[in-house]
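Here's the structure, in structure tokens; my notes come after.
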Amino acid sequence: MSTSETSYWRVDFLLVLYVGILHLSNTKGDIQPLIPGIMVFGDSIVTVGNNNHLTTVVQSNFPPYGRDFMNQLPTGRFCNGKLALDFTCENLGLPKYPPEILNKELAKGENLLVGANFASGGSGYYETTARLYNTIPLSKQVEYYKEYQIKLVDVAGLSNATSIIKGSIYLVSAGTSDFVQNYYVNPFLYEVYTPYQFSDILIQAYSHFVQELYRLGARKIGVSTLPPIGCLPASITLFGKGCNECVTKMNSVAQYFNKKLNATSNILKAKLSGLNIAVLNVYKPLYNLIQKPNDFGFFEVRKACCGTGLLETSFLCNEKSPGTCANATGYIFWDGFHPSEATNKILANELLLDAMSLLS
Ligand SMILES: *[C@@H]1O[C@H](CO)[C@@H](O)[C@H](O)[C@H]1NC(C)=O
Ligand SMILES: *[C@@H]1O[C@H](CO)[C@@H](O)[C@H](O)[C@H]1NC(C)=O
Ligand SMILES: *[C@@H]1O[C@H](CO)[C@@H](O)[C@H](O)[C@H]1NC(C)=O
């Protein structure tokens, strides 16, 4: 075993131990989940299928998406299998995944007790990113959340609903689409703002969003950082100027954004009493995987599994895409923008460590 492999297993072991202890301390007879539920907001990294109910090109409810998921079912997750979010739900002992809010069959009754998923592929902090792709902007996700609260009171009663609202984790994942599907391809943005100015605009939107969630009762927020956006296979193809390497300039922007995200989260925590925010650093573990894939059992960093692996995502990644790999376990990326299930499993363990402060 190499050193990083050893340290990976150590992290995994500590995690299982720690979560195990938390489980025990919560146990009254049978196993209780660590938190009542998760409310999920943001983009394609965490969506479980809201776009299936919209007219948009940002879709993933067809094969080969989902081919390694339960029953080989494409669900609207942007992955071959489980998202990091799915692994996190399992790690926290939730009895089921929070349902996507636009699915009328699923998002009702008892299913609402574990939270709900409001996220939408192609959405972000910048309102017009979602509008560009006709997906659900954060402002609309919040409207759906308000409707959810009313339904929750119907299902659980006011007192139980209040404790679910207060005790749940509010997971926020946004920003990647704002840059990769909007800023860098949109002259109305890149000719007007530097990417750093654009970051500041996004951070302001994040700050407003957190205050809105707080006003609605959220007390535990987990916000994910940007990934190394310059290392996404599609970014290298589109913006790498022919080099087969991570686009350093884009990664620098992501690091700037992440620093501001952390600082702003600290300010919000200090300002809003009773609010806890954990910044979930997805940048570092993903970058480490990309630098040393072999240490973690991966062999392909540059190309995604789906299609040529250089670009395809959403409708471009479909059953007819030539070249799709037979087995995605050795691939860090499933499509041009999204990690594979194998990567998500590793990320979920790391992110849970970052989220520990939300679990007590
Ligand atoms: C509230 O939760 C308790 C404990 O889980 C349960 O026994 C009770 O039936 C719930 N109340 C309503 C109105 O559903
Ligand atoms: C985030 O802020 C906290 C508190 O100031 C600090 O301890 C931590 O190192 C920061 N993390 C990053 C990634 O900047
Ligand atoms: C993919 O490869 C992994 C590791 O070699 C193996 O464990 C797994 O069963 C394979 N999956 C499929 C669907 O063939």
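Counting starts at 1 for both ligands and their atoms, following the listed order. Note that these values count all heavy atoms, side chains included, but never hydrogens, waters or copies made by symmetry.
- Evaluation of the side chain to side chain donor-acceptor pair (under 3.5 Å) test over residues 228-248, restricted to residues two or more places apart or in two chains, returns Thr237-Arg302, Asn244-Arg302.
- Residue-level contacts of ligand 1 at the 4.0 Å heavy-atom threshold are Ala156, Asn160.
- Among the atoms of Asp68, none of the N or O lies under 3.5 angstrom from an N or O of ligand 3.
- Just one of Tyr170, Tyr214, Phe41 meets the ring pair (Phe, Tyr, Trp, His ring centres under 6.0 Å) condition when paired with Phe209; it is Phe41.
- Each of Tyr126, Tyr193, Tyr125, Phe198 was checked for a ring pair (Phe, Tyr, Trp, His ring centres under 6.0 Å) with Tyr183, and the lone residue meeting it is Phe198.
- Geometrically, ligand 2 and Asn262 share a nitrogen or oxygen pair separated by less than 3.5 Å.
- We find that Lys146 and Glu143 are joined by a salt bridge, their nearest charged nitrogen and carboxylate oxygen being less than 4.0 Å apart.
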Pairs under 3.5 angstrom only: tabulate donor-acceptor contacts from the side chains of residues 277-288 to other protein residues two or more places apart or in another chain.
residue : atom : partner : partner atom : Å
Asn281  : OD1  : Tyr283  : N            : 3.1
Asn281  : OD1  : Lys284  : N            : 3.3
Tyr287  : OH   : Gln291  : NE2          : 3.4

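- Residues satisfying the side chain to side chain donor-acceptor pair (under 3.5 Å) test with Tyr256, not counting sequence neighbours, are Asp200.
- Across Ile164, Val172, Asn117, a single residue satisfies side-chain contact (heavy atoms from CB on, under 4.5 Å) together with Met39, and that is Ile164.
- Any N or O atom pair closer than 3.5 Å counts here, and Asn281 shares no such pair with ligand 2.
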